[in-house]
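Values below: all heavy atoms of this structure, side chains included; hydrogens, waters and symmetry mates excluded. For the single chain, residues carry numbers from 1 onward in sequence order. Ligands are counted one by one from 1 in listed order, and the atoms in each one are counted from 1 as well.
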Amino acid sequence: MKEIILVKYGEMALKGLNKKTFEDMLTKNIKRRIKPLGRFVCTSAQSTLYIEPQDEDTDLNEVVDRVSKIFGIAALCRACVCEKDFGDICEKSYEYLSDVLGCARTFKVNAKRADKAFPMKSPEICMELGAKLLEKFPGLTVDVKEPEVTVTVEIRDTNAYIHAENLKGAGGLPVGSSGKALLLLSGGIDSPVAGWMMAKRGVHIAAIHYVSPPYTSDRAQLKVEQLCEKLTDWCGGIAFYCVPFTEIQEAIKDNCPEEFFTIIMRRLMMEIAQRIAEKDNCLALITGESVGQVASQTMAAIACTDAVCRIPVFRPCIGMDKTEIIDIARKIDTFDISTLPYEDCCTVFTPRHPKVRPQLGDIEKAQNSFDFGPLIAKAVENTEMKTFNFEG
Ligand code: ATP
Ligand code: MG
């Protein structure tokens, strides 16, 4: 029996004239993602993409697992390929569905006849195949309202397909279809989730991380690289920029009032991020901030940070509770990495009493008392870039 994977498009099926571009992007993302698993032919018709393995021993579970993490997909399923012949459809259903139907109590048949030349109409297929399956699996009864199993028969151009599972896809839009943005990625719980949420909306992610050796260790950077690698499952390739931040942090400490340390540091992080964003064609910045979580995330503090930003800053976690963010972090498997012990550059010079309602004028005055320009230029100059891709 030959099995394939059927992929149903998500929201992009609605995109009218741009549909073709979205479709091509999704197909490209899928091909790239499953290439290490063998040879496949991918074709699309009627808002469905067909992934046909060309090798006998392809691990379809692994293919399904990978494809279920690709954004732009509403649903996917494994399906059995049949001749466009009712006899063959029945025979293959007995065999292909024997496990599920053998232990189910209720079922229904759902037929989709894309090929109108097929001699039986959809209701007829449902009735006839339903009757055959009832005969074959005596424990079953039909329940059209809430069946345990829905057997779907699709009559398409070249073949018919049967399946009884429908897995939820990752939703969203194909990564890359919304352009690129630069994620400020710390080793914490929130920023990987923020990156994932924007990738879901079709944004291609690049990441930037600030390190302050010797106050922060190599291990801390490695942890962030691990997060990047994990995110590639969903986000595709990620360019990772690592910024040496020690001198800037020391300059803040030596020249600015302690209560403003964090805000000024965040403003300088944004400044550097924008310069990298510009070089790498990123149209926005992304952070993991959430209102009120810490002193630097009050509305007044965010306003002071935003005042240096010339491009949009997306904060998809802004209205979420920590528990909601953690739920996503667990789902995308970044939580265990994020909670490894680690010292962040933010915690190195944390003020004892940070200003929760900073005034922009005061912050600007404090920051302007020292010329950070040359240090910013040097940090950008010495930023190192690495690329992360799906592991084989
Ligand atoms: P996270 O869990 O993402 O670390 P957080 O709640 O710890 O967030 P902060 O430490 O105030 O909050 O950082 C706020 C945001 O600033 C982070 O979500 C991240 O986007 C960015 N950020 C903080 N530290 C760094 C860093 N060392 N490198 C890159 N970005 C950082
Ligand atoms: Mg943090």
May I ask you to say whether [X] pairs ionically with [Y], meaning some side-chain N is under 4.0 Å from a carboxylate O?
{"X": "Glu52", "Y": "Lys2", "answer": "yes"}
{"X": "Glu128", "Y": "Lys132", "answer": "no"}
{"X": "Asp115", "Y": "Arg156", "answer": "no"}

Which ligand 1 atoms are under 4.0 Å away from a heavy-atom of [X]?
{"X": "Ile189", "value": "2 (O)"}
{"X": "Ile208", "value": "29 (C)"}
{"X": "Ser191", "value": "1 (P), 3 (O), 18 (O), 19 (C), 20 (O)"}
{"X": "Gly188", "value": "1 (P), 2 (O), 4 (O)"}

Checklist entry - Hey, looking at atom 9 (P) of ligand 1, which of Gln297, Gln221, Met265, His209 has the closest heavy atom? => result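 It is Gln297 that holds the nearest heavy atom.
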Next on the checklist: We want to know whether Thr141 and Thr106 form a side-chain donor-acceptor pair, criterion being a heavy-atom distance below 3.5 angstrom.
Outcome noted: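 Judged by distance alone, the side chains do not pair up.
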I want to know if ligand 1 touches [X] in the polar sense, i.e. an N/O pair below 3.5 angstrom.
{"X": "Thr287", "answer": "no"}
{"X": "Met269", "answer": "no"}
{"X": "Gly288", "answer": "yes"}
{"X": "Asp190", "answer": "yes"}
{"X": "Pro192", "answer": "no"}

Checklist entry - So with a 6.0 Å cut-off around CD of Gln359, is the heavy-atom count from everything else above 12? => result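 Open: at most 12 neighbouring heavy atoms sit under 6.0 Å from CD of Gln359.
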Checklist entry - Excluding sequence neighbours, so at least two apart, what forms ring pair (Phe, Tyr, Trp, His ring centres under 6.0 Å) with Phe118? => result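 Expected list: none.
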Checklist entry - Side chain, backbone, both or neither: which part of Leu185 has a heavy atom under 4.0 Å from ligand 1? => result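 Looking at Leu185 and ligand 1, just backbone atoms fall under 4.0 Å.
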Checklist entry - Less than 6.0 Å separating the ring centroids of Tyr50 and Tyr161? => result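 Between Tyr50 and Tyr161, the centre distance is under 6.0 Å.
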Item to check | Minimum heavy-atom distance Ala379-Ile272, with the two atoms named | outcome: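 Shortest heavy-atom contact: CB-CD1, 4.0 Å.
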